[in-house]
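Predicted model only: the values in this text are computed from it and were never measured.
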Amino acid sequence: MTTAATLAPPARRPAERLRTSSPWWMALVGAVAGFSGTGSATLNGDELATISAASRSLSGMIELARHIDGHFLPYYLFMHFWAKAGTSELWLRLPSALAIGVAAWFLVDLGRRLHSVRAGVIGAGIFAILPSVSYYGAFARSYAFAAAAVVLSFWALHRALERPGAARRWVLYGVAVALVCSTHLFAVLVLPAQLLLLRRAVAVRMLGALAVGCVPAAVLGLIGYGERHAISWIPERGPEVWLKFPKMAAGANTLGIVLFVMALAGVAVLWRASNQSAGAHHADQVNQADGANHGDQVNQADGANHADQVNQADGANHTDQAEQAGKAGKVWAAVLAGWLVLPPVLLLAVSLLLTPAYVDRYLFVTAPALALLAGLAVAGLPRFQVVAAVLVVVAGFALAFPEHAEVREEDGRFENIPWALRVIKAEPEDAIVYGQSQLRAGFEYYADSLMPADVLLAGSAPDPDGFGYPEGSDVSGALEGRERVWVVWRGTKQSGLKGNSVARVKEVEKAGFELSLAKHSGNLPGLTVALFTRR
């Protein structure tokens, strides 16, 4: 007789429920942590460039990509459609927060595959408390997308190597690599670490997926190299920048150093766990074979001999599988270490061999590796892993609290345009001159009251080949009949008032004006607002 209990599916065990629900919970935690980073921080120049690019027509974006930011074209295309629903700060930054959530989801499952669910959950928890996650998770640029794509690529590669004969898994890996290449050009610096997993049995599939996935990198790389003038502001760096790498990855100095030490311990934990797993697997198979042989000895001699041969073959096969699993685990320990340390090394090599390109934010893709390895270190403790995990997360957040507070301040993105608008006390007939033409976009975005006359503006649309605006060259003529002029530039007071780095300041002085007031927003590079009155 069939009963309801017979038809009911078996209840899932607690471990299985934890395995299936943990990635979703940690994805939510990650997304919330990222989105919370917006605080009251205002958009900076890079984010305003996103608005400028995304607000253009498709042909206009392609024209822009021919001159500047060509490697950001995939992100700009996505934001072009996203921005049709609005351009508020929160809406523009929401995709980055969602990308952080995606990164946390795959980080949990990658940790489970490599060690345990606990390792993945702890790694994602550490990831969520990083100030760098709060910063880039609330930043309308593609860095959070790049981090999510990188985690996806390592996760997809692990799945593909589990079942190398499954073509769909290699297709997914190729797609993940293509996303890495499309989200940020320098995100590809994590891919050499994956080559450590290359072996003869999967060489054709893995290299084929990599080759196809790297097509966007080849195209965008050629475009980027032709536009390297756009990053001419980046200074030359030396190996000393590596000392700042832990702070860059974590977003906080002390926390970064602590997590980096823990990450090294995490590599050792994964290495040791691979040895233990292989040894346990081997011992289990030997015990099974011995038990079967002992039972067969009670039976007929011919049957015992046959069973003994089968058991010996099976034992040898399982031993080989255990050894291969142990080797794979050791290689993955090296792969995660490479994910963490190779990008800064390779980026500095690019800077020295091709063109200066070492910028901290280009290396945010290493933050998931830092968190995962630190999570592995905690999960590898012999006892009290949960207590240790809570202490690490709470203490880590406390260590980085000043940095968390800083990224949520109004000047958390280092260009406080609302502050500049409050400094400007415009009177009728006042004029304004921008030291850098592209600053105009931010003032137009935030201005909600009377602004001084923009006397140099020669067109309402930005330049088709950049983010500046067409301006007249005759500053003296444009200021004729004006008694007061506000000048705003990116940088310190000294950068504009001394030397010739801000040409517009000298042109205003030559037009017959002298400095009356100058204020700087505080954080570097920051903004300077100066009032000049006619002599």
Side-chain angles (χ1 to χ4, degrees), residues 26-55 72 75-76 78-105 124-148 183-184 248-252 255 360-361 364-365 367-368 371 396-397 400-422 441-448 521-523 525-527:
M26 296 313 298
L28 178 61
V29 170
V32 170
F35 193 64
S36 71
T38 189
S40 61
T42 57
L43 301 175
N44 73 356
D46 286 341
E47 294 177 288
L48 292 166
T50 295
I51 298 177
S52 177
S55 301
F72 278 117
Y75 175 71
Y76 287 158
F78 168 80
M79 292 300 292
H80 171 77
F81 296 101
W82 183 267
K84 289 184 180 297
T87 57
S88 68
E89 293 174 355
L90 297 181
W91 182 249
L92 290 170
R93 289 168 171 171
L94 178 59
S96 292
L98 296 177
I100 291 295
V102 170
W105 194 102
I126 294 173
F127 183 63
I129 66 163
L130 298 181
S132 58
V133 167
S134 293
Y135 188 97
Y136 294 108
F139 196 50
R141 297 295 274 178
S142 66
Y143 304 110
F145 283 68
T183 50
H184 194 272
M248 182 286 308
L255 177 62
D360 288 347
R361 60 179 176 270
F364 177 61
V365 291
F397 184 81
F401 184 79
E403 287 79 5
H404 275 291
E406 183 178 0
V407 301
R408 290 166 172 80
E409 293 174 353
E410 186 178 68
D411 197 22
R413 302 297 180 268
F414 310 118
E415 287 183 22
N416 194 346
I417 294 175
W419 167 86
L421 287 168
R422 292 194 297 270
F443 282 79
E444 290 182 351
Y445 181 88
Y446 283 107
D448 57 1
S521 58
N523 287 331
L527 294 174

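- Put simply, CG on N523 and CD on E415 are 11.0 Å apart, with the number rounded to the nearest 0.5 Å.
- Side-chain polar atoms of E89 and Y446 form a donor-acceptor pair below 3.5 angstrom.
- Of the possible polar contacts, none joining the S55 side chain to the S52 backbone as a donor-acceptor pair under 3.5 Å is found.
- For the atom pair CZ of F81 and NZ of K84, the computed distance is 6.5 Å after rounding to the nearest 0.5 Å.
- Under the 30°/60° scheme for interplanar angles, the aromatic rings of F72 and H184 are found to stand perpendicular.
- The CG atom of L48 lies 12.5 Å from the CZ atom of R413; values are rounded to the nearest 0.5 Å.
- Under 3.5 Å, the side chains of S96 and R141 contain no donor-acceptor pair of N or O atoms.
- Put simply, OG1 on T42 and CG on D411 are 6.5 Å apart, with the number rounded to the nearest 0.5 Å.
- L43 contributes atom CG, which lies 5.0 Å from atom CZ of R93 (distance to the nearest 0.5 angstrom).
- Proximity of a side-chain donor or acceptor of E47 to a complementary backbone N or O of A140 within less than 3.5 Å is detected.
- Tested against I100 for a side-chain contact (heavy atoms from CB on, under 4.5 Å), the candidates F145, F127, Y136 yield a single pass: F127.
- Note that OG1 of T183 is 11.5 Å distant from OH of Y75, once rounded to the nearest 0.5 Å.
- Formation of a donor-acceptor pair under 3.5 Å by the S40 side chain with backbone atoms of R408 is found in this model.
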